[in-house]
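Because only heavy atoms are used, hydrogens play no part in the values below, and waters and symmetry mates are left out as well, while side chains stay in. Lettering follows sequence order; numbering is per chain, from 1.
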Amino acid sequence: MHTAATQVKQKLAVIGNGMAGIRTVEELLKIAPDKYDITVFGAEPHPNYNRILLSPVLAGEQTIGDIVLNDWDWYKDNGITLITGTTITEIHRTRRELTTDSGYKFKYDRLLVATGSNPFILPIEGNTLPGVLSYRDIADTEAMIDAAKRYKKAVVIGGGLLGLEAANGLKLRGMDVTVVHVMPWLMERQLDEKAGKLLQGSLEAKGIKFRMQAQTEALVAGESGRVAALRFKGGEQIAADLVVMAVGIRPNTMLAEKSGLQVSVRPGGIIVDDTMQTLTDPRIYSVGECVNHRGTAYGLVAPLFEMAKVCANHLAEYGIGRYVGSVTSTKLKVTGVDLFSAGNFQGGEGTEDITLSDPMGGVYKRLVIKDDKLVGACLYGDTVDGSWYFKLLREGKNINELRDQLMFGESNIGDVGHEGNTRAVSMKDTDEVCGCNGVCKGAITKAIKDKGLFTLDEVRKHTKASSSCGSCTGLVEQILMFTAGGDYSATPTMKPMCACTDSTHQNARDAICEQKLLSVPEVMKTLSWRTPNGCSSCRPALNYYLLSTWPKEYVDDPQSRYINERAHANIQKDGTFSVIPRMWGGETTADELRRIANAVDKYKIPTVKVTGGQRIDLLGVKKEDLPGVWADIGMPSGHAYAKALRTVKTCVGSEWCRFGTQDSTQMGKDLERAMWRMYAPHKVKYAVSGCPRNCAEAGIKDVGIIGVDSGWEMYVAGNGGIKTEVAQFLVKVKTSDEVLEYTGAFIQLYREEGWYLERTVHYVSRVGLDYVKSKMVDDAANRKALWQRLQFALDGEPDPWFEFAKARVDPRQFIPIKSIAADVVAA
Amino acid sequence: MNWQYVCKLDDLPVLGARVLERSENAGGNVAVFRNDQDVVFALLDKCPHKGGPLSQGIVFGERVACPLHNWTIELKSGAAVAPDVGCTARFAVKIDSGGVFVELP
Ligand code: SRM
Ligand SMILES: Cc1cc2nc3c(=O)[nH]c(=O)nc-3n(C[C@H](O)[C@H](O)[C@H](O)COP(=O)(O)OP(=O)(O)OC[C@H]3O[C@@H](n4cnc5c(N)ncnc54)[C@H](O)[C@@H]3O)c2cc1C
Ligand code: SF4
Ligand code: FES
């Protein structure tokens with residue numbers, strides 16, 4: 001045995017300075033930092049970078065500098081010799097020697113081959129013309145960025161992941177882009193036909209053109225010798241100053257083959273065993289896209305990183321850990337397009353499908369089940385639960401008991417009730433957050449606590465979570481928020497409002513405010529909407545933003561409201577409506593009840609029900625009877641149909657109750673009278689209880705007030721609906737005037753800043769409770785200003801059941817334009 | 001040909017609809033739509049999904065979103081927008097000197 005002082009380190013050579021090779025080195029440094037003298041050879045002239053993020057670089061969302069994973073100093077600091085711009089041309093296995101393209105020779109004890117893969121180039125005429133590129137590395141990306149500055153027409157051959165990301169990037173850089181794809185739908189290996197077609201629709205909405213089921217025959221040169229056109233089989237030509245071939249990759253095994261390492265033909269790859277040693281030579285290891293493990297070659301990073309871990313373990317001579325293959329999942333990195341697929345999403349014999357489809361909402365989900373196990377998932381539009389499905393799929397969990405809720409996602413399982421938590425909190429420490437890098441929740445919370453991390457970037461650096469494809473970013477941010485508190489620095493959500501536009505809800509709000517836009521068409525024009533008058537998702541949102549930003553100036557547009565808000569009643573499944581009149585604080589009188597009873601008889605209203613919101617619901621009213629019913633009962637609109645103030649629930653309070661400390665019923669009535677007729681991003685519900693027994697359930701309301709001996713406690717951002725969320729304590733005040741002022745200020749802040757269809761709970765979790773406090777608890781002047789703005793907006797607002805003209809209710813809707821008598825039709 | 005006079009163009013709300021009432025025996029109500037280009041369309045007032053009253057939906061471009069579950073229906077053809085499948089009956093419409101006529105069977 002040598003002593004430590006005289007021990008000569010073994011030499012480890014790494015061929016390929018890419019993602020798999022360097023990840024292996026990182027894993028090795030973690031467990032055996034002093035074992036080897038490491039030398040890395042890389043053909044590219046760059047330090048190790050994140051190849052995945054070339055797409056955001058092409059799209060202009062990141063720079064080359066942003067995507068470097070290990071800079072030059074990292075190699076120096078870890079004693080690694082890095083030789084870039086150098087290709088290894090030969091491995092002499094018996095001499096254990098490498099030869100570089102410049103003839104330099106290098107001796108090794110162990111060798112790691114991580115040469116990645118090469119883009120497949122179609123064997124067609126013209127495939128080497130200038131202007132024909134593939135999409136693999138920084139050089140390709142830079143060439144595309146450069147071409148986009150000088151040329152107009154781009155054609156991308158291949159409608160898979162890489163092709164679509166290339167097309168999206170080129171389009172964002174101003175080129176006219178056509179994608180040519182031989183198959184009937186896009187990403188056919190990851191998506192089923194429905195999802196593939198939805199994807200095509202969203203990309204078409206971004207201006208990308210498609211030629212489906214089209215076969216390319218040749219690329220044609222122009223006068224300058226540069227590519228000028230693409231010819232399809234059949235002879236048709238389309239113009240192209242830039243052609244990107246993204247038709248697949250092939251493991252890069254040239255060097256290995258030349259050196260006598262055993263290589264598989266189909267699919268290709270250097271054959272390795274479960275310890276990542278090559279079959280031919282145990283001194284030579286191989287990881288990454290260049291390998292073939294148990295007959296599979298992988299083209300995504302998650303499996304490569306698993307390989308790296310195993311390989312490092314064996315290089316360190318620990319001898320534990322085997323790589324046994326991976327199940328992979330796919331996501332597309334095009335901002336605003338969410339898709340996820342994994343496993344056998346196509347189904348087939350012996351499988352059953354659960355599908356959900358909401359085309360206008362742009363959501364499609366398909367789950368494939370076999371023998372009570374989830375075997376495949378294909379999600380489009382809403383991919384929040386992708387990682388959960390992926391986990392069920394990999395673990396082969398029996399889902400029989402979850403079957404009914406499966407489609408609605410993890411957040412719906414087993415927590416109806418009290419636990420006011422989001423997805424990130426309900427995850428176990430061992431649950432995986434980042435699928436690319438295999439980082440579990442526990443590792444992230446530990447790093448945040450131990451190292452005092454506050455930003456997403458820091459978490460990325462320390463844990464690698466969210467540093468690859470970025471699709472778990474939202475989850476990581478949630479974990480950060482819950483672990484580090486409201487101090488974390490969020491990255492803004494970039495999702496466009498809908499397929500009509502690239503603008504986010506915030507963009508629209510800002511433009512309306514800053515440029516004083518005063519109509520829906522004006523907003524659409526300013527923000528370059530792609531559709532003539534939006535859709536049923538963006539128009540109601542814009543109408544609300546205009547209304548809340550410019551009260552008294554903006555003229556409400558009823559045609560941009562959902563039927564309930566246009567007819568001022570809730571539509572039912574048979575096309576009739578329901579009427580819920582306002583009962584201030586849940587109190588009513590004999591007179592009101594008599595009028596209701598009379599109306600029920602007169603209009604033959606089939607059902608009368610006491611609602612969960614302490615008032616009465618008349619169900620099954622015909623549309624033409626609505627004005628009559630309203631007039632006859634003579635009670636104000638309860639706005640049970642609107643994104644507006646709904647109920648103010650109260651308990652009996654100190655007037656009657658032996659425990660009551662405050663007059664909660666009066667407080668509730670005062671609140672309701674001060675704030676009814678108030679439209680908001682979503683519905684708003686208040687409750688007031690007279691003591692902490694809290695019979696009015698103030699703990700799950702948008703604003704909940706609880707009377708105590710010395711005053712009132714105020715809670716905000718609770719929610720009793722789809723997912724129960726407990727309200728958070730905001731402040732304690734003394735007088736009922738203060739209750740009005742604080743409640744008004746809070747709700748006005750939400751009205752001014754909330755996104756359409758965002759309840760207070762979602763708004764507050766987005767901006768943080770501390771932010772809310774800084775605006776309306778700590779800052780008295782701002783609180784008063786908010787409260788005043790709300791009073792200004794509500795002053796003189798009409799009751800839509802009685803003041804049709806002022807509330808812009810079109811009375812024509814209650815009468816048919818014409819009735820056709822049966823005999824006329826028969827004529 | 002059975003061209004029925006329905007109303008004046010201005011009796012229809014822009015980006016909205018009104019109902020031409022027919023008994024169930026006669027085939028049920030007809031929804032008459034007007035978009036912002038003053039094009040008028042007529043469809044059976046029944047969504048191909050679960051019979052929702054299309055006349056109550058939000059009109060945009062040449063489409064309407066059903067008020068019940070938000071399917072999108074092409075006003076020109078009555079067909080549901082992919083990937084939903086289904087079709088509701090459509091009726092020919094003409095505008096003559098500001099009057100709207102619908103062709104009923
Ligand atoms: C009538 C009523 C049920 C009842 O018979 O008791 C009811 C009926 C409906 N609720 Fe509700 N909710 C009723 C109290 C509630 C409550 C309890 C409460 O207000 O104290 C909740 C939980 C509290 C909350 O909102 O946080 C509740 C949570 C929901 C939700 C889930 C909201 C969420 O953010 O999670 C929806 C769906 C939505 O709004 O998108 C909903 C949606 C609906 C709709 C509008 C569904 C629809 O789109 O057609 C139902 C309309 C029926 C109709 O035509 O009248 N309803 N709904 C209650 C009317 C109260 C009232 O007097 O105005
Ligand atoms: C644009 C783009 C987007 C992608 N998006 C995703 C995604 O969203 N999710 C995902 O999981 N994966 C994605 N991938 C795939 C992912 O980048 C690869 O799986 C991963 O980079 C493969 O790692 P590797 O180390 O095996 O190969 P590489 O990262 O390619 O590294 C191999 C390196 O070896 C060098 N080399 C080769 N031969 C020699 C030699 N003889 N001598 C010296 N050096 C040599 C090469 O120049 C290269 O730098 C994407 C790829 C691209 C191109
Ligand atoms: S819970 Fe609410 S939304 Fe669901 S059926 Fe009952 S009333 Fe309708
Ligand atoms: S009835 Fe029209 S979408 Fe369901």
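Using a cut-off of 4.0 Å between Lys/Arg side-chain N and Asp/Glu carboxylate O, A:D625 and A:K604 are scored as not salt-bridged.
Counting heavy atoms from C-beta outward, A:L618 and A:I580 have side chains that stay 4.5 Å or more apart. By the 4.5 Å heavy-atom criterion applied to side chains, B:V19 and A:K623 are not counted as neighbours. The shortest distance between side-chain heavy atoms of A:L547 and A:Y679 falls below 4.5 Å. At a threshold of 4.5 Å between non-hydrogen side-chain atoms, the residues B:V93 and B:V100 count as touching.
Between chain A and the residues B:V30, B:V32, B:I58, B:N35, the most heavy-atom pairs under 4.5 angstrom are made by B:I58. The choice from A:R812, A:K573, A:E193 that makes the most heavy-atom pairs within less than 4.5 Å of chain B is A:R812. Of the listed residues B:Q37, B:Q56, B:R63, the one with more heavy-atom pairs under 4.5 angstrom with chain A than any other is B:Q56.
Looking at B:N25, there are no atoms closer than 4.5 Å to chain A (heavy atoms on both sides), in backbone or side chain. When heavy atoms are compared at a cutoff of 4.5 Å, B:V59 approaches chain A solely by way of its backbone atoms N, CA, C and O. For A:R539, the part lying under 4.5 angstrom from a heavy atom of chain B is the side chain only. With a threshold of 4.5 angstrom between heavy atoms, A:P558 does not approach chain B through any atom at all. If you measure heavy-atom distances from A:K197 to chain B, you find no contacts under 4.5 Å at all. Both the backbone and the side chain of B:P13 have a heavy atom closer than 4.5 Å to some heavy atom of chain A. At a 4.5 Å heavy-atom cutoff, the contact between B:L15 and chain A is made by backbone and side-chain atoms alike.
In this structure, the salt bridge (charged side-chain N to carboxylate O under 4.0 Å, His left out) partners of A:D192, at least two apart in sequence or on a different chain, are A:R366. A:H639 pairs by the ring-ring contact (aromatic ring centres under 6.0 Å, His included) definition with A:Y641, not counting sequence neighbours.
Screening B:P53, B:P48, B:C47 for a side chain to side chain contact (heavy atoms under 4.5 Å, CB included) with B:C66, the sole residue that qualifies is B:C47.
Listed by sequence position, A:P532, A:N533, A:G534, A:C535, A:S536 are the residues of residues 528-536 of chain A in contact with chain B, using a 4.5 angstrom heavy-atom cutoff.
Relative orientation of the B:H69 and B:H49 rings is perpendicular, given thresholds of 30° and 60° on the angle between their planes.
Aromatic rings of B:F101 and B:Y5 (six-membered ring for Trp) have centroids within the 6.0 Å cut-off, being under it.
Sorted by first then second residue, the salt bridge (Lys or Arg N to Asp or Glu O under 4.0 Å) pairs that include residues 27-43 of chain B, not counting sequence neighbours, are B:D10-B:R34, B:R34-B:D38.
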